[in-house]
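What follows is one structure encoded as structure tokens, with my remarks underneath.
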2 protein chains.
Amino acid sequence: MQIADDLAAQIRAGVLAPGAQVPSESEVMERYGVSQGTVRKAIAELRTVGLVDTHHGRGSYVKSPPPVRRKSSDRFRRTHRSSGKAAYLAEAEQAGHKPSVHVLYIGPADAPAEVAARMGMTAGEKVLARRRRYFSDGAPTEEATSYLPWSMAAEIPELLDENPGKGGIYARLEEHGHALVEYVETVQARLASKQEASALRLSPGSPVIHLVRDAVTSGGRVVEVCDTVMAADRFILEYRIASVSFFELATDRVTGEGCVTGKAPGQLSERSHVSTRLPGSLVGHLSCRTGPAARTCGVADHADRHA
Amino acid sequence: MQIADDLAAQIRAGVLAPGAQVPSESEVMERYGVSQGTVRKAIAELRTVGLVDTHHGRGSYVKSPPPVRRKSSDRFRRTHRSSGKAAYLAEAEQAGHKPSVHVLYIGPADAPAEVAARMGMTAGEKVLARRRRYFSDGAPTEEATSYLPWSMAAEIPELLDENPGKGGIYARLEEHGHALVEYVETVQARLASKQEASALRLSPGSPVIHLVRDAVTSGGRVVEVCDTVMAADRFILEYRIASVSFFELATDRVTGEGCVTGKAPGQLSERSHVSTRLPGSLVGHLSCRTGPAARTCGVADHADRHA
DNA sequence: GAGTGGTCTAGACCACTTT
DNA sequence: AAGTGGTCTAGACCACTCC
């Protein structure tokens, strides 16, 4: 489409600056000597590519590129929790944006099938759902729903609060004896559904990132599933992957010496739980999975509570 | 659009099975009593949602949902390298697909700006590029380009081969003294460009996942950058995140005892290098970054080479 | 050649926004 | 009321595919 390319070039060259109005349909019709349908297709193209926003009865305007936020896998490090702010707020402020959160719902819900499967319960079982929408500089960026077993809600009353306190719900879970060993995030990208598009104020056809995170305890139990839908153009996800897991260090090689106090390597069952004592007073607990899937493990150190 | 919803419902209900031909434009025009333009919009909708494939002169056909492959962050564990197959082939076969790889280019190239920045060189510098396209069951799924400093190509001749041998290029790098400590992956989702759409046989408007991975040595040097574009509907990325890093275990708490042989905790500079001796004969090397960014570290164990 | 999708035109009518 | 985008129609013409 020559017309779309032409306009796109003008935008990228800065002839049409962010915020400026794109020539109206009738104007373009005249200038290029084409019919309205042709113009509309060209502008639709610009819209799906994210170059313009168009408003009924007002015109199309050049979009300014959205601020991109980095979401690092390090954000779950227990060390980062002391900050006292929810991970989201801390991260966003650091990046120089005005963050805000809007709680949409906190209360009982029926577990969706996928969530139930991840938590090892039957679909439809009663769970606690925490649904909220996040904004950056006033614009919605993501919508997240946390699911927890309903028994947790009784055990930990703060989970029903809008603001669960310092360190967020993960800190509360750990305070109540559910040490979190690892998080497993699955990432998918797809086009926004109509509901998602309107909730995140996206033009239809925009991509979203669908992120689902399981929080796993040292016992191998999934105590929370967090389902997040993010506007794809506003995020970069960053993951740091070690080439050797702590689990491998402790069990594959360091035998004897009283180091691994659980089972011997090679004798680990599907979900094993072993303890490692490192020099100093540190106790590390490992929850692991073995077998053909050969998954590595998580590391939980309970040192904070033993010290 | 009522007509699109109607067809979509038929597809999802199985009235129109995968592979079946969607009624032709003229047929739909007649049945719903609308004009061609209206029908075309409806079918375009189905196309962008990924429900149908349409071929010029032949018609539109119901797509069968593409096989989804899981890409786990564990695939870089050194333990998994012994398999003797490239990570891609091993993973795909395990999932029951017929994988194949097509090498597009291996040779010198000018470093793109972003790659140069990640590797700490100036843009345009000469690098080795390895570009290949991956297929699953005959359908293209991703296209990846690895960039390495040109000096590596001289040092490690296998890097110029189509098949770099057992364990892939990461194994070759490590054999030549470049122990890889961690990988940093950044994930973005966006719509496919025209070139990407045709290379991956996607309909325009389809989302892709753009993944860029840095391979970091124990010295903190980025020796490879791998730039990958994947068809979003064919992948689920999975990342396992430990709640405590090995780095934190070794330096924040385990002091004295001769355990950390590098600097004391709190004295680590922006990019430090410390060594840890664990019980047994294992030696762990840590490359880390500290400071306000408070990034964790990677763990490299050189035990294989010291044993 | 008959059928398919791809592109375009010219014009009508509606809904929203601004003045 | 005037200007904007949103939707639709009816028809022309082209390009590709299959028989």
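Since the model is a prediction, treat every value here as computed from it, not as a measurement. All values below were derived from every heavy atom in this structure, side-chain atoms included, with hydrogens, water molecules and symmetry-related copies excluded. Lettering follows sequence order; numbering is per chain, from 1.
Nearer to the 5' terminus of DNA chain C, by closest-nucleotide assignment, is the contact made by Ser24(B) (compared with the other of Gly33(A) and Ser24(B)). For the pair Arg58(A) and Gly37(B), both in contact range of DNA chain D, the more 5′-proximal nearest nucleotide belongs to Arg58(A).
Phosphate contact (OP1/OP2 of dT4(D), side-chain N/O of Ser26(A), threshold under 4.0 Å): present.
The closest side-chain heavy-atom distance from Glu162(B) to Val101(B) is not below 4.5 Å.
Here the range on DNA chain C touched by chain B, meaning any atom under 4.0 Å from one of its heavy atoms, is dG3(C) to dT7(C).
In this structure a side-chain-to-backbone donor-acceptor pair under 3.5 Å is missing from Arg201(A) to Pro140(A).
Looking only at atom types and distance, the side chain of Tyr239(A) has a donor-acceptor partner in the side chain of Glu185(A) under 3.5 Å away.
With sequence neighbours excluded, the residues forming a side-chain contact (heavy atoms from CB on, under 4.5 Å) with Ala215(B) are Tyr170(B), Leu180(B), Tyr183(B), Glu224(B), listed by chain and number. For Pro67(A), the side-chain contact (heavy atoms from CB on, under 4.5 Å) test picks out His97(A), with sequence neighbours left out.
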